[in-house]
Amino acid sequence: MTTTHTATGDLLRLLREEAEEAAFHHVGADGALVEDALEIRARLAAHRQREAALGALYETAGDLASLRDLEEVLQAIVRRARALVGTDVAYLLLYDPEQGDTYVRVTDGITTEPFKTGRLAVGTGLGGLVAKTAQPYHTADYPNDTRFAHSDYVDGVIRDEGLVAIQGVPLKFRNQVYGVLFAANRRVRPFSPDEVDLLISLANHAALAIENATLFEEVHKAAAVHERLTAVALEGGGAAGLAQALAEILRGSVRVLDAADRPLAAAGDTLPEPAGLVQEMAEARASRASAVHGASCVTPIIAADEHLGSLLLVRGGLDASDVHAMERAAQAAALMLLSERSVAEAEQRLRGEILDDLLGTPHRDPEGLRRRASLVGLDLGREHVVLVARGEDRGGRRRITDAAGAYAKRLGGIAGEYSGNTVVLLPGTEEPGGAARTLAGALAAASGRPVTVGGEAAASGAAAIVEAHRDAARCLEVLLALDRAGEGASRDDLGIHGILLGQAGREELARFVRRTIGPLLDHDQTRGSDLVRTGLTYFACDGSLARTATALYIHVNTVYQRIDRISALLGPQWRHGDRALQVHLALKTHIAAA
């Protein structure tokens, strides 16, 4: 045990020190533990790579905000594009409105002079097609790609430079295309979506740099926005910090909305109301540009083709420089939201994978499971509360799971999806019914819809968690069968239904149901009738035939006929005394198991 503990400590130390892979094989740990640590190392490396890319984009934003010479800014963008995408060369074409074509403005890694001074007609080659359509294109083998209009001049220049794989993205600001940013290799090589997205972000910065050269006053204000928001992002200020900083710089009131137009943060005295800007928000989303109405401005937050949210501004004397500053702020907001989402998704995936293994195959590798669980802070040697949640709208399951993940993280637990439900594991010995009710309220507030939660306490160990999950899931089904959707409860809160849930197995319950209401089940199945639901509704309405008719949306005479049919099948005592209790329980149990 001590040796294993020491080996785990050594591996954690190597992870902190970002050690080379070979070092992990010399700590004396068993192979499974080393493999787990190397998997985490790889994921951390991917996170660092993403952070490096975001850092470079922030640096580019800083270049724009510092009002450097346009040539220096464009050169920095091209240099970073080459370094971040990892290509042999990068270059930038600008549109010449007087000549009606494009020309090479900045290069990095290009060696031939004809290439550095080349001009390209709009619509010719990959670059001409990007400039014409304002859409990104990429090819792993340009000389043999028939999608583009080739010309002897362009093919000759590319051949002399030795370029093969090329990707190009438009330098676009609002509805104007200024040129094309390229990254290229001298070998056949496909480009990943992440690389294309990164190049698009850099190209957007390049287009803004060109806009800066002609709009100095607007850039001055936008530079202040970028400088402030970059600091907010690096300090982890989030949406609240962004809204506060933007409100102070523009001397107005700001709201930040998510992709579903739900408020994330706000700052200022006269807050813009989304309900009063519905048309402007729709226009901004459709045009991918700011929409202005009086003293209000709506700016979409966009990354590549994804709408991430909106910025709303109210300011007296709103002018073009404010709109420009809002669009700069939207770029910083996009990077901030993408970074936060990337980290959250990676953490949630890791926790979700461990949850799948824990509940699905706990006996396959119990020691490996225990090790991996400990790496995300889950101690299987502790007692836990297991909670199983489900919303009314299955389409909103992802939103519920995300909210549950944030909730569990605050309490030191984990959350994920399993068997169509959201499962939450919380450490401690809290009363499961209370924990279920608290979670139901929190998830309903986050999703805007009722969420039902079943809970059960689990002793230490994976087997106990699996058993508690099974009981919590059954508790959830019983709540739904009892028409208690939106509530939270444990087995102890369910009275006689909880006793049945805990004491009887599925086969025993099935025999009880068949023995008690079998004739009703057979009649509904063979005749297509609805006697089971009629009987259940009758009990729910305290035996009132009129209320039963209203609840079922049928005439009261129809209810009389159905009650008589049930009496003929089950006997006249089915509505009285102990027999009524038996029938009612059987009906409830049947619905819960359906």
Side-chain angles (χ1 to χ4, degrees), residues 57-58 60-78 80-81 91-98 100-103 105-106 122 127-137 168-182 196-226 229-230 283-292 297-308 310-311 313 318-335:
L57 292 176
Y58 281 128
T60 303
D63 289 343
L64 301 181
S66 65
L67 298 179
R68 295 180 184 176
D69 178 74
L70 177 62
E71 187 73 22
E72 294 178 2
V73 173
L74 296 181
Q75 184 64 59
I77 289 173
V78 171
R80 286 174 185 149
Y91 54 99
L92 188 149
L93 292 181
L94 291 185
Y95 177 70
D96 187 342
E98 295 183 2
D101 63 359
T102 58
Y103 64 97
R105 174 65 184 273
V106 181
V122 174
L129 186 59
V130 173
K132 180 179 179 180
T133 64
Q135 297 295 323
Y137 284 88
V169 297
L171 278 70
K172 183 179 179 181
F173 182 75
R174 295 182 181 171
N175 295 322
Q176 183 174 355
V177 177
Y178 290 102
V180 183
L181 177 63
F182 293 91
V196 176
D197 289 345
L198 178 58
L199 203 62
I200 289 174
S201 297
L202 290 169
N204 289 339
H205 284 300
L208 288 174
I210 299 168
E211 181 77 359
N212 288 350
T214 57
L215 301 171
F216 179 86
E217 182 180 356
E218 295 180 17
V219 170
H220 181 69
K221 183 178 290 186
V225 170
H226 267 288
L229 296 186
T230 298
E283 178 185 339
R285 182 177 297 200
S287 65
R288 301 169 64 85
S290 296
V292 178
C297 175
V298 179
T299 302
I301 303 173
I302 297 172
D305 292 328
E306 183 180 3
H307 178 83
L308 300 176
S310 302
L311 297 178
L313 169 70
L318 188 68
D319 58 26
S321 64
D322 297 315
V323 176
H324 199 179
M326 286 283 285
E327 290 172 344
R328 296 290 187 85
Q331 290 189 339
L335 293 174

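Residues take their numbers from the sequence shown, with the count starting at 1.
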Set of ring pair (Phe, Tyr, Trp, His ring centres under 6.0 Å) partners for Tyr91, sequence neighbours left out: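 Tyr91 satisfies ring pair (Phe, Tyr, Trp, His ring centres under 6.0 Å) with Phe115, Phe182 once adjacent residues are dropped.
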Minimum heavy-atom distance [X]-[Y], with the two atoms named:
X      : Y      : result
Ala203 : Pro170 : CB-O, 3.5 Å
Ala81  : Leu199 : CB-CD1, 3.7 Å
Ala330 : Pro300 : CB-O, 3.4 Å
Ala134 : Val177 : CB-CG2, 3.5 Å

Quick one, [X] and [Y] - any side-chain contact, counting heavy atoms below 4.5 Å?
X      : Y      : result
Val180 : Thr102 : no
Leu94  : Leu171 : yes
Thr299 : Cys297 : yes
Glu327 : Ser290 : yes

Measure the [atom1]-[atom2] distance between [X] and [Y] for me, rounded to the nearest 0.5 Å.
X      : Y      : atom1 : atom2 : value
Asp197 : Leu202 : CG    : CG    : 11.0 Å
Gln75  : Arg80  : CD    : CZ    : 11.0 Å
Leu92  : Tyr103 : CG    : OH    : 9.0 Å
Phe173 : His324 : CZ    : NE2   : 3.5 Å

Give the intermediate values and the outcome of side-chain contact (heavy atoms from CB on, under 4.5 Å) for residues Ile302 and Leu308. CA-CA 6 Å; Ile302 297 172; Leu308 300 176; over 6 Å; no
When you look at Ile301 and Leu311, which way does the side-chain contact (heavy atoms from CB on, under 4.5 Å) test go after all the steps? CA-CA 7 Å; Ile301 303 173; Leu311 297 178; 3.9 Å; yes
Going by side-chain hydrogen bond (donor to acceptor under 3.5 Å, both in side chains), name the residues that satisfy it together with Arg105, two or more places apart in sequence or in a different chain.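 By the side-chain hydrogen bond (donor to acceptor under 3.5 Å, both in side chains) rule, Arg105 matches Glu71.
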